[in-house]
Amino acid sequence: MIDLKLVQKNPEVLAKALADRQSSLRVEDFLALDGRRRALLAEVEALKNQRNTASGQVAALKREGKDASHMMEELGALSDRIKALDAQTAEAKAAVEEWLMGVPNIPDATTPVGKDESENPEVLRWGTPRDFDFPVKEHWELGTALGGLDFERATRLAGSRFALSLGWAARLDRALVNFFLDEHVRNEGYIEVCPPFMVNRATMTGTGQLPKFEEDLFKMPDWGYYLIPTAEVPLTNIHAGEVLDEADLPRGYCAATPCFRSEAGSAGKDTRGLIRLHQFTKVEMVRFAHPDDSFHQLDVMVGHARNLLEKMELPYRVITLCTGDLGFGSAKTFDLEVWLPGQNTYREISSCSNCVDFQARRADIRFKPKGGKSAYVHTLNGSGLPTGRALAAILENGQQKDGSIVLPKVLVPYMDGVEVIEPR
RNA sequence: GGAGAGGUAGCGAAGUUGGCCGUAACGCGCUCGACUCGAAAUCGAGUUAUCGGUUAAUAGCCGGUACGUGGGUUCGAAUCCCACCCUCUCCGCCA
C-alpha cells in the first residue's frame with residue numbers, strides 16, 4: 001500500500017506513477033473518495049465529542065444522586081445519528097481502502113520509464129554463449145530422451161502445466177535446492193526457513209497478491225487457505241505486525257518451497273517444458289532493510305542470485321524493469337535472464353525487487369530507530385533460484401552432440417560425483 | 001473432535017457490582033540524567049499507536065478511535081450478551 005498522506009499532499013506524484021505504469025487508475029477518483037471520507041469523519045467526530053462530554057455529565061449527575069433522565073433522552077437521539085453516520089463513514093473508509101489496496105507501488109526515481117518489456121534496459125551480460133557444431137535441442141527434448149522428464153505421465157497424474165521428474169532429474173532438482181540454500185546460508189547470512197505452503201488471506205494481502213490478483217492463486221475455499229505462489233509471501237510476512245530492533249536490520253531469510261500459480265492469462269505461452277508450470281520449486285530470498293540502506297541491499301541480493309549462475313557457469317544478462325513492466329508491489333526490479341541455447345534467447349530466471357515500504361505498510365512491519373519513532377522497514381525479495389528453469393538452462397547449455405549433458409562442476413559433489421548424464 | 005483457562009502498550013501483568021481506567025497500577029526493557037576513571041548496581045525523570053482538524057511541519061495544540069475480530073444492549077462497554085479467530089493445559093485421534 002502506498003502512503004495515504006503522500007497521495008493527499010502530492011497527488012501529482014501518484015498521477016505520474018500511474019501514467020508511467022500504463023495504469024488506468026485515476027487519482028481524481030481517489031481524491032473524491034477521500035474527500036467524502038474526511039468530511040463524514042469530521043462530522044461524526046464532532047458529534048461524538050458532544051456525546052462524550054454529555055455522557056460525562058450524566059455520570060456526574062448520577063454520582064450526586066440527581067436525575068439525568070431528560071438528558072439521557074436527548075442523547076438517545078444523538079446516538080442514533082452517530083450510529084447512522086458511523087455506518088456511512090465506515091463505508092467511505094472502505095471505499096478509500098479498497099482503492100488504495102489496488103494501487104501499485106510508486107516506481108523509484110531510478111526505475112526507467114517505458115511502456116512495456118520491450119523497453120527494459122540491459123545492465124550487463126556475463127559469460128559467453130557456447131558455439132554448437134550440431135543442431136541444439138530444447139530442454140524438454142533432452143530431458144525426456146534421457147529419461148529424467150516425463151510430461152505425458154505428469155499430465156495423466158494432474159493435467160497440463162505439470163511436470164514429473166525421475167531418477168537423475170529428480171536428484172538434480174534436489175541438488176540444486178541444496179546448492180542454492182548452502183550458498184545463501186553458509187556464505188550470505190540468510191536464515192533458512194521451512195514455512196507453510198498454504199497461508200491465510202491476511203498474509204496474501206500483506207505482500208500484495210490480494211485483493212487484486214486472486215485469479216492467479218490456487219485457493220481452498222472450504223478452508224480459507226491459499227497455496228503460496230512464491231515463498232516471498234510467508235517469508236515477508238514472518239514479521240507481520242511486529243516492531244523489529246534497528247540492530248536486526250538488514251536481515252535475510254531464504255526458503256526452498258513449491259510455488260503454485262494458476263497462470264491465468266498465459267494460455268498458449270510456454271506450453272512445453274519446465275518454463276511455466278502450475279507447480280515448481282524455487283529458492284527465494286527475502287531481506288528486511290533499513291530505509292536508508294534498502295537499495296544497497298537490492299544490489300547485494302542481485303549479487304547473491306548472480307553468484308549462483310556464475311558458479312554454474314551459465315551465461316546470463318541483467319535487465320532493469322521499466323515502469324510499464326514493473327511488478328505491482330515493486331519500486332525497482334532487476335531481472336536476471338539466463339541464456340537458453342535451445343530457444344536461442346535469454347529467459348527470466350530471477351527477479352529481484354525492492355518493495356520499499358509498500359509491503360511493510362500492508363503487513364505492518366516496523367522497526368524502532370534509536371530514540372526515534374517507529375518506521376516501516378523496507379522489504380526486498382528475489383529468486384535464488386527456481387530449480388525448474390535452472391535445470392532447463394543446465395540441460396540446454398550442457399548438451400553434447402551425443403545427447404548427453406555435462407553438468408556444472410559445482411554440482412558434481414551434490415550429485416555424488418556424477419559429471420555427465422549419459423543416454424541410456 | 002471433547003473439557004477447561006486465556007487474548008490489555010516492545011514484553012510480562014493488574015483492572016470484570018458498566019461512568020476521572022487507557023498518555024492503562026506494578027515489573028521488565030528502552031531513552032536521558034545523577035553517581036563513577038569507566039562499567040555494574042543504585043537513585044531520579046521520561047517512554048502507546050492510529051485517524052481527523054489546525055500548521056511549513058512526520059513540532060505543538062484540539063478532537064475521534066483502539067483492551068483478539070465482528071456484531072448487539074446502553075446516554076455511556078475492557079467490564080454485560082451473541083458469533084467467530086487464535087493461544088495454552090488435559091483427554092481423544094494421528095504422520
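Order of the sequence lines fixes the chain letters, A, B, ..., with proteins taken first and strands second; residue numbering starts at 1 for each chain.
Within the model, atoms CG of Leu142(A) and CD1 of Ile421(A) stand 12.0 Å from one another, a figure rounded to the nearest 0.5 Å. For the atom pair CG (Asp34(A)) and CD (Gln8(A)), the distance works out to 4.5 Å, reported to the nearest 0.5 Å. Interatomic distance, Leu172(A) CG to Leu395(A) CG, rounded to the nearest 0.5 Å: 7.0 Å. With rounding to the nearest 0.5 Å, the separation of CZ in Arg37(A) from OG1 in Thr89(A) is 10.0 Å.
Closest to the side chain of Ala59(A), from the set U65(B), G52(B), G19(B), is G19(B). Taking only side-chain atoms of Lys83(A), from C-beta outward, the nucleotide of U50(B), C75(B), U73(B) with the closest atom is U73(B). Among the nucleotides G19(B), U58(B), U50(B), the one closest to any side-chain atom of Ser55(A) is G19(B). Of all nucleotides listed (G52(B), C75(B), A57(B)), G52(B) comes nearest to the side chain of Ala42(A). Distances were taken from every side-chain heavy atom of Arg51(A) (C-beta onward) to each of A49(B), G76(B), G10(B); the shortest belongs to G76(B). Proximity note for Ser79(A) (side chain, C-beta onward) versus G63(B), G76(B), A49(B): the nearest is G76(B).
Inspection of the Lys282(A) and Thr387(A) side chains reveals no N or O donor paired with an N or O acceptor under 3.5 Å.
Pairing for G1(B) is with C91(B), a Watson-Crick or G-U wobble pair whose two hydrogen-bonding atom distances lie under 3.5 Å. When both pairing distances are held under 3.5 Å, G18(B) makes no Watson-Crick or G-U pair with any nucleotide shown. Applying the Watson-Crick and G-U wobble criteria (two distances, each under 3.5 Å), C61(B) pairs with G53(B). U74(B) is unpaired under the criterion used here, namely a Watson-Crick or G-U wobble arrangement in which both key atom distances are under 3.5 Å. Pair check for C11(B) finds G27(B); Watson-Crick or G-U wobble, both atom distances under 3.5 Å. Checking C84(B) for Watson-Crick or G-U wobble geometry (two distances, each under 3.5 Å) identifies G68(B) as its partner. The base-pairing partner of C32(B), taking Watson-Crick or G-U wobble contacts with both distances under 3.5 Å, is G44(B). Across the strands present, C37(B) finds no partner; the criterion is a Watson-Crick or G-U wobble pair with both atom distances under 3.5 angstrom.
Rounding to whole angstrom units, CG of residue Asp364(A) and P of A66(B) are separated by 18 Å. One atom, CD1 of Ile82(A), and another, P of G63(B), lie 16 Å apart when rounded to the nearest Å. Rounded to whole Å, the distance from CZ on Arg366(A) to C1' on U58(B) is 15 Å. Atom CG of Leu41(A) is separated from atom P of C51(B) by 11 Å (rounded to the nearest Å). Between the C1' atom of G52(B) and the CG atom of Asp86(A) lies a distance of 14 Å, rounded to the nearest Å. Separating the NZ atom of Lys93(A) from the C1' atom of C51(B) is a distance of 7 Å, rounded to the nearest angstrom. Rounded to whole Å, atom P of U65(B) lies 5 Å from atom NZ of Lys48(A). At whole-Å resolution of the value, CD in Glu43(A) and P in G64(B) are 16 Å apart.
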Practice task
Any chance you could lay out the side-chain contact (heavy atoms from CB on, under 4.5 Å) test for Val377(A) and His290(A), step after step, and finish with the verdict?
Solution key: CA-CA 6 Å; Val377(A) 302; His290(A) 191 288; over 6 Å; no
Practice task
Please lay out, stage by stage, how Glu122(A) and Val318(A) fare under the test side-chain contact (heavy atoms from CB on, under 4.5 Å).
Solution key: CA-CA 6 Å; Glu122(A) 185 174 302; Val318(A) 179; over 6 Å; no
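Taking the ring centroids of His278(A) and Phe260(A), they lie at or beyond the 6.0 Å cut-off.
Here Lys62(A) lies in heavy-atom contact (under 4.0 Å) with a base. Asn52(A) comes within contact range of the sugar-phosphate backbone alone, with a heavy-atom separation under 4.0 Å but no base atom that close. No contact: Glu246(A) has no heavy atom under 4.0 Å from any strand.
Using bins of under 30°, 30° to 60° and over 60° for the plane-to-plane angle, the ring pair Phe288(A)/Tyr253(A) lands in the perpendicular bin.
Comparing Leu4(A) and Met71(A) against RNA chain B, the residue whose closest nucleotide sits nearer the 5' end is Leu4(A). Where Ala46(A) and Lys5(A) meet RNA chain B, the nucleotide closest to each residue was compared, and Lys5(A) sits on the side nearer the 5' end.
Remark: Asn49(A) is not in phosphate contact with G63(B), judged by side-chain N or O atoms under 4.0 Å from OP1 or OP2. Between Gln57(A) and the phosphate of G76(B), there is no side-chain N or O to OP1/OP2 separation shorter than 4.0 Å.
Using atom C1' as the reference point in both G7(B) and A78(B), the two lie 12 Å apart (nearest Å). Here the separation of C86(B) from G70(B), taken at their C1' atoms, is 15 Å to the nearest Å. Across the C1' atoms, C30(B) and C81(B) are found 41 Å apart, a figure rounded to whole Å. Across U50(B) and U58(B), the matching P atoms stand 13 Å from one another, rounded to whole Å. Comparing the same atom, P, in A9(B) and in C61(B) gives a spacing of 25 Å after rounding to whole Å. Spacing of P atoms, U42(B) relative to C28(B), comes out at 9 Å, to the nearest Å. Remark: the separation of the P atoms in G12(B) and U89(B) is 16 Å, to the nearest Å. Distance check on atom C1': G19(B) versus A77(B) gives 10 Å, rounded to whole Å.
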Quick one: side chains of residues 179-194 of chain A, donor-acceptor pairs under 3.5 Å with protein atoms, not counting sequence neighbours, listed by atom name and distance.
unit_1, atom_1, unit_2, atom_2, d
Asp182(A), OD2, Tyr414(A), OH, 2.6
Glu183(A), OE1, Asn187(A), ND2, 3.2
Glu183(A), OE1, Asn307(A), ND2, 3.0
Glu183(A), OE1, Lys311(A), NZ, 2.9
His184(A), ND1, Glu188(A), OE1, 2.6
His184(A), NE2, Gly384(A), O, 2.7
Tyr190(A), OH, Arg287(A), NH1, 3.1
Tyr190(A), OH, His304(A), ND1, 2.8

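Listed by residue number, Arg37(A), Arg38(A) are the residues of residues 30-39 of chain A with a heavy-atom contact under 4.0 Å to RNA chain B.
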